[in-house]
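So the structure is just underneath, and the comments pick up after that.
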Number of protein chains: 2
Amino acid sequence: MIKMTIAKNREVKADEYADLRKALTMIAGKWKLEILWLLYHRTHRFGELLRTIPGVTQHMLTRQLRELEADGLVTRKVFAEVPPRVEYSMTEATKALEPTIKSLMEWWQKFGKAES
Amino acid sequence: MIKMTIAKNREVKADEYADLRKALTMIAGKWKLEILWLLYHRTHRFGELLRTIPGVTQHMLTRQLRELEADGLVTRKVFAEVPPRVEYSMTEATKALEPTIKSLMEWWQKFGKAES
DNA sequence: CTGTATCCTATATGATACTG
DNA sequence: CAGTATCATATAGGATACAG
């Protein structure tokens, strides 16, 4: 897997940026941080999230949850009941991300607020 | 500044999410991480960045730099010379952000790669 | 209750040509 | 050298109606 090309360093770095960008966009969706925050506390049903998050629509909530699920940041559990029940919960990856989010919060406290 | 409303907690939290989203989007631009990375090493001229970052156009580079500057993440220094010279460098805020970026990198190493 | 299907707008990104 | 202007495309976000 070693690339013996002159451009090796550039290729490797380009991959790293792509990775980091991917990680950022995984949580940068308009409603994702609030969804994750709620799931940090406990499992939520779809309707709970819809009622708790101000301004979000069914459509957007569904889409953000689907993306988070595809990225391994939420677990979706469907119960075969009538009426249907669906529960969303965090994953190991979500838990592991918490320190990073707090780090970003602390940075914002010191530097972000002064700008813009 | 204390809001004595029933919705106080929700309002406060909504502000926090808006802040975090702002912090994320400040560095989530397509070329921003690579720009910041280069500036972590040393000051760069516009043309250097343009030649060093593969795939970026003059137009996009200018816009990403302007956004970073507006957010306090790069310093732009214009020299009154012919031909013109413009140097971009990092700020205190940029330096302070490095641990957060590394934290995100480490998280990706453990959890991001397995998904998607 | 928990979605999906359409259609629409806003923003981000990009290609290309031109300029002090 | 370091941009700006213009036009075009891609993606994110949203309003509304309908469905299992």
Side-chain angles (χ1 to χ4, degrees), chain A residues 14 17-18 20-36 38-39 42-71 73-89 116, chain B residues 14 17-18 20-36 38-39 42-71 73-89 116:
Chain A
Y17 300 126
L20 265 188
R21 274 256 303 159
K22 169 66 178 169
L24 283 176
T25 54
M26 276 172 57
I27 57 175
K30 183 158 182 185
W31 310 99
K32 290 183 181 177
L33 283 172
E34 183 147 11
I35 292 169
L36 293 181
L38 290 172
L39 297 189
R42 63 170 174 81
T43 294
H44 281 69
R45 295 185 56 171
F46 181 86
E48 284 182 313
L49 293 173
L50 188 61
R51 276 178 277 108
T52 307
I53 300 174
V56 74
T57 62
Q58 271 186 352
H59 195 188
M60 281 311 299
L61 182 56
T62 300
R63 285 163 63 171
Q64 300 275 294
L65 285 168
R66 287 288 183 283
E67 288 181 17
L68 288 170
E69 188 189 6
D71 289 330
L73 286 174
V74 307
T75 300
R76 180 171 178 265
K77 189 171 183 183
V78 182
F79 295 83
E81 304 173 359
V82 178
R85 179 160 61 107
V86 180
E87 289 186 351
Y88 292 91
S89 54
S116 141
Chain B
Y17 299 127
L20 264 188
R21 274 257 302 161
K22 168 66 179 168
L24 284 175
T25 54
M26 274 171 58
I27 57 175
K30 183 158 181 185
W31 310 98
K32 291 183 181 177
L33 284 171
E34 182 147 12
I35 292 170
L36 293 181
L38 290 172
L39 297 189
R42 63 170 173 82
T43 294
H44 280 69
R45 295 184 57 170
F46 181 86
E48 284 182 315
L49 294 172
L50 188 61
R51 276 178 276 109
T52 307
I53 301 174
V56 73
T57 62
Q58 271 188 348
H59 196 187
M60 282 309 299
L61 182 57
T62 299
R63 287 164 62 169
Q64 301 273 293
L65 285 169
R66 288 288 184 284
E67 288 181 15
L68 288 170
E69 188 190 5
D71 289 330
L73 285 173
V74 307
T75 301
R76 180 172 179 264
K77 190 172 181 181
V78 182
F79 295 83
E81 303 174 0
V82 178
R85 179 161 60 107
V86 180
E87 289 186 351
Y88 292 91
S89 53
S116 147

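Proteins come first, then strands; the chains are lettered A, B, ... in the order of their sequence lines, and each starts at number 1.
- Atom-to-atom distance recorded for Ile53(A):CD1 and Tyr17(B):OH is 8.0 Å, nearest 0.5 angstrom.
- Close to dC1(C), at under 4.0 Å from its OP1 or OP2, lies no side-chain N or O of Arg51(A).
- With rounding to whole Å, Gln58(A) atom CD is found 9 Å from dC1(C) atom C1'.
- Each of dA15(D), dT2(C), dG3(D) was ranked by its minimum atom distance to the side chain of His59(A); first place goes to dA15(D).
- For Lys30(A) and dG14(D), the shortest distance from a side-chain N or O to OP1 or OP2 is below 4.0 Å.
- Side chain of Phe46(A), nearest nucleotide from dA17(C), dG3(C), dG13(D): dG3(C).
- Within the nucleic acid shown, Arg76(A) comes within 4.0 Å of sugar-phosphate atoms alone, with no base atom in reach, counting heavy atoms only.
- Computed from coordinates, the Leu33(A) CG to dG13(D) P distance equals 12 Å when rounded to whole Å.
- Here the nucleotide nearest the side chain of Pro83(A), chosen from dG3(C), dG20(C), dC1(C), is dC1(C).
- Between Arg85(B) atom CZ and dG3(D) atom P there is a gap of 13 Å when expressed in whole angstrom units.
- The interatomic distance linking Arg21(B) (CZ) with dT11(C) (C1') rounds to 11 Å, in whole Å.
- Within the 4.0 Å cut-off from OP1 or OP2 of dT2(C), at least one side-chain nitrogen or oxygen of Arg45(A) is found.
- Nearest heavy atoms, Leu68(B) versus Met26(B): CD2-O, 3.8 Å.
- The interatomic distance linking Ile53(A) (CD1) with dT2(C) (P) rounds to 13 Å, in whole Å.
- Rounded to the nearest 0.5 angstrom, His59(B) NE2 and Leu50(B) CG are separated by 13.0 Å.
- For the OP1/OP2 pair of dG3(C) and a distance below 4.0 Å, the side-chain nitrogens and oxygens of Tyr88(A) include at least one atom meeting the criterion.
- Screening Lys32(A), Arg76(A), Lys22(A) for a salt bridge (Lys or Arg N to Asp or Glu O under 4.0 Å) involving Glu67(A) leaves a single residue, Lys32(A).
- Separating the CG atom of Leu50(A) from the P atom of dG3(C) is a distance of 11 Å, rounded to the nearest angstrom.
- What separates CG of Leu65(A) from C1' of dG13(D) is a distance of 15 Å, to the nearest Å.
- One can place CG of Leu68(B) at 13 Å from P of dA12(C), the figure rounded to the nearest angstrom.
- For Gln64(A), the listed nucleotide lying nearest its side chain is dG13(D); candidates were dG13(D), dA5(C), dA17(D).
- Across Gln64(A) and Trp31(A), no two heavy atoms sit closer than the pair OE1-N, 3.1 Å.
- Taking the side chain of Val86(B) as heavy atoms from C-beta on, and the options dG3(C), dG14(D), dG3(D), the nearest nucleotide is dG3(D).
- The Thr62(A) side chain lies nearest to dT4(C) when the options are dC1(C), dT4(C), dA15(D).
- Minimum interatomic distance between Leu73(A) and Leu36(A) (heavy atoms only, all atoms of both residues): O-CD2, 3.9 Å.
- Distance from the side chain of Pro84(B) is smallest to dA2(D) among dA2(D), dG3(C), dG3(D).
- Neither OP1 nor OP2 of dG13(D) sits under 4.0 Å from any side-chain N or O of Arg63(A).
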